[in-house]
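Scroll down for the structure; my scribbles are underneath it.
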Amino acid sequence: MTDTGSERFDFVVVSNRLPVDRVLAHDGTPSWKPSPGGLVTALEPVMRANDGAWVGWTGVADDDQQPFEADDLHLVPVRLSAEAVELYYEGFSNDTIWPLYHDVIAQPTYSRRFWDAYVAVNQQFAEAAAEVAAQNGTVWVQDYQLQLVPRMLRELRPDLVIGFFNHIPFPAYGLFSQLPWRLQIVEGLLGADLIGFQRRADAGNFLRAVRRLFKVQTPHGRVELPAAGEGRWPNSMSDRPRSVVAKHFPISIDAKAYVALVEDPAVRARAQQIRDDLGDPGTIMLGVDRLDYTKGIQHRFTAYAELLAEGKLDVDDTVLVQIASPSRERVETYRALRDEIELTVGRVNGEYGTIRHSAINYLHHGYPREEMVALFLAADVMLVTALRDGMNLVAKEYVATRGDDDGVLVLSEFAGAADELKQALLINPHDIDGLKRAMLTAVHMTRAERRTRMRALRHRVLVHDVERWSRDFLEALAAIRPRASAQAAAATED
Ligand code: G6P
């Protein structure tokens with residue numbers, strides 16, 4: 001780990017979290033561990049390929065960590081105070097935007113104190129990015145925690161090419177319009193040259209918000225901004241007119257890395273050991289999620305418990321392994337969810353478990369990728385039952401892992417992945433009977449059908465990997481605002 005000093009970078013990624021979190025042992029000794037969630041998993045290979053700088057938070061409040069290099073990545077920490085963590089991260093990001101953008105599965109809190117902190121922290125991130133980006137460089141801002149950064153950054157550095165990618169859904173206008181600061185959020189995003197979404201429907205929802213709020217047309221997903229000072233319509237944030245494009249770019253995974261891991265004999269041996277440790281049941285069902293109310297973990301448990309109650313599944317022959325990695329544990333809705341889930345696990349196991357077998361094997365931990373791949377290999381049925389999810393990379397990871405063309409993916413139509421993974425068993429998780437039918441279909445599916453479906457799914461994920469995602473996005477960004485025009489703009493502004 002070395003100090004990167006005051007270097008400038010042509011390519012800068014800005015996200016709330018860095019790819020590593022600082023963890024402090026009881027005696028205060030610091031170490032680093034991979035951050036949770038799909039965003040950093042997807043972006044890490046992109047950063048390695050582009051040799052850029054990554055601006056983000058270390059996951060610890062009041063951390064004075066200076067820029068450093070870890071594993072060949074240039075990391076530039078943004079310091080968040082304990083108050084900022086509470087109001088900006090736990091508050092506005094995860095108690096307002098997160099539930100609102102996931103179709104109000106939980107009630108969003110609209111707090112002016114949260115909002116003020118969100119504005120201040122977004123300004124902090126914009127300033128940090130402005131400081132490390134080279135003249136005419138490209139800055140790629142990530143996710144819902146930083147929706148004001150594109151505009152703030154453009155005001156600080158009009159020479160930059162700015163992209164934004166939203167990893168979570170963008171809600172229908174009927175819901176989005178609840179947000180007291182909806183205008184500021186849309187104006188913030190319009191600071192970018194290209195705004196990427198997971199699904200076509202998300203881009204459509206955003207464009208509709210633009211049309212409704214500003215009474216303009218958005219032909220072909222393009223928003224034409226006039227020069228500064230022209231009416232209520234948000235100005236281009238420069239003295240020249242400017243185009244912004246909103247479009248879907250479904251994110252993916254580093255599929256090759258998964259394929260390589262499957263070939264590792266140690267991982268394969270571990271998969272076998274997991275099966276043996278579970279008593280080599282006929283069917284292993286698997287759920288892997290951050291412990292989040294968007295993931296539909298309860299719905300999956302309800303369906304499974306009913307199948308046990310009806311004798312359609314038997315604990316002597318089936319087990320459900322549920323990995324629920326700890327997440328946002330200081331936010332009340334998440335605490336309540338954990339209690340609820342753990343109560344259900346206790347009930348289902350108490351009711352249907354035997355001395356030899358528990359019905360649900362529940363693990364509240366995060367695991368390294370090798371262990372995840374071993375679990376994917378061991379699992380006959382993968383359950384992704386999200387009530388709403390931007391993409392759900394776990395679905396793609398499972399598919400990438402199954403080089404044996406086996407295993408069945410049960411996938412919620414409310415996860416972005418459903419747009420691409422059409423050969424999965426697609427379900428509506430609210431329809432418990434439908435979910436139960438799909439689970440039984442998965443358990444009884446013939447080897448031939450499993451093979452046909454998995455082959456098609458794998459083909460999709462291996463071809464449309466994360467490298468292609470970032471290439472598509474960055475090429476589209478360069479096409480909207482080539483660097484030459486960024487240079488010209490900078491020259492005019494000088
Ligand atoms: C999702 C979000 C990411 C976030 C991750 C983990 O994938 O899209 O922005 O980093 O969850 O959540 P956390 O709050 O722990 O960063």
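First listed ligand is number 1; within each ligand, the first listed atom is number 1. Nothing here was measured: the structure is a model prediction, and the numbers come from that model.
- Considering backbone and side-chain N/O of R17, one or more are found under 3.5 Å from N/O of ligand 1.
- Side-chain contact between L183 and F214 is present, with at least one heavy-atom pair separated by less than 4.5 Å.
- Looking at ligand 1, you won't find any N or O of N16 less than 3.5 Å from one of its N or O atoms.
- Residue Y144 has no nitrogen or oxygen atom sitting less than 3.5 Å from a nitrogen or oxygen atom of ligand 1, judged on distance alone.
- The heavy atom nearest to atom 1 (C) of ligand 1, out of those in Q145, M391, E329, R290, is found in R290.
- A heavy-atom separation below 4.0 Å is found between D143 and ligand 1.
- Between the side chains of R300 and T385, at least one donor N or O sits under 3.5 Å from an acceptor N or O.
- Contacts with ligand 1 closer than 4.0 Å are made by no heavy atom of V40, backbone or side chain.
- Under a 4.0 angstrom heavy-atom cut-off, Q142 registers as lying outside contact with ligand 1.
- Remark: ligand 1 and H167 share no N or O pair separated by less than 3.5 Å (distance only, no angle test).
- Side-chain rings of W181 and Y118 stay apart, their centers remaining 6.0 Å or farther from each other.
- The heavy-atom pair separating P429 from F414 by the smallest distance is CD-CD1, 3.6 Å.
- Tested against E329 for a salt bridge (Lys or Arg N to Asp or Glu O under 4.0 Å), the candidates R335, R338, R290 yield a single pass: R338.
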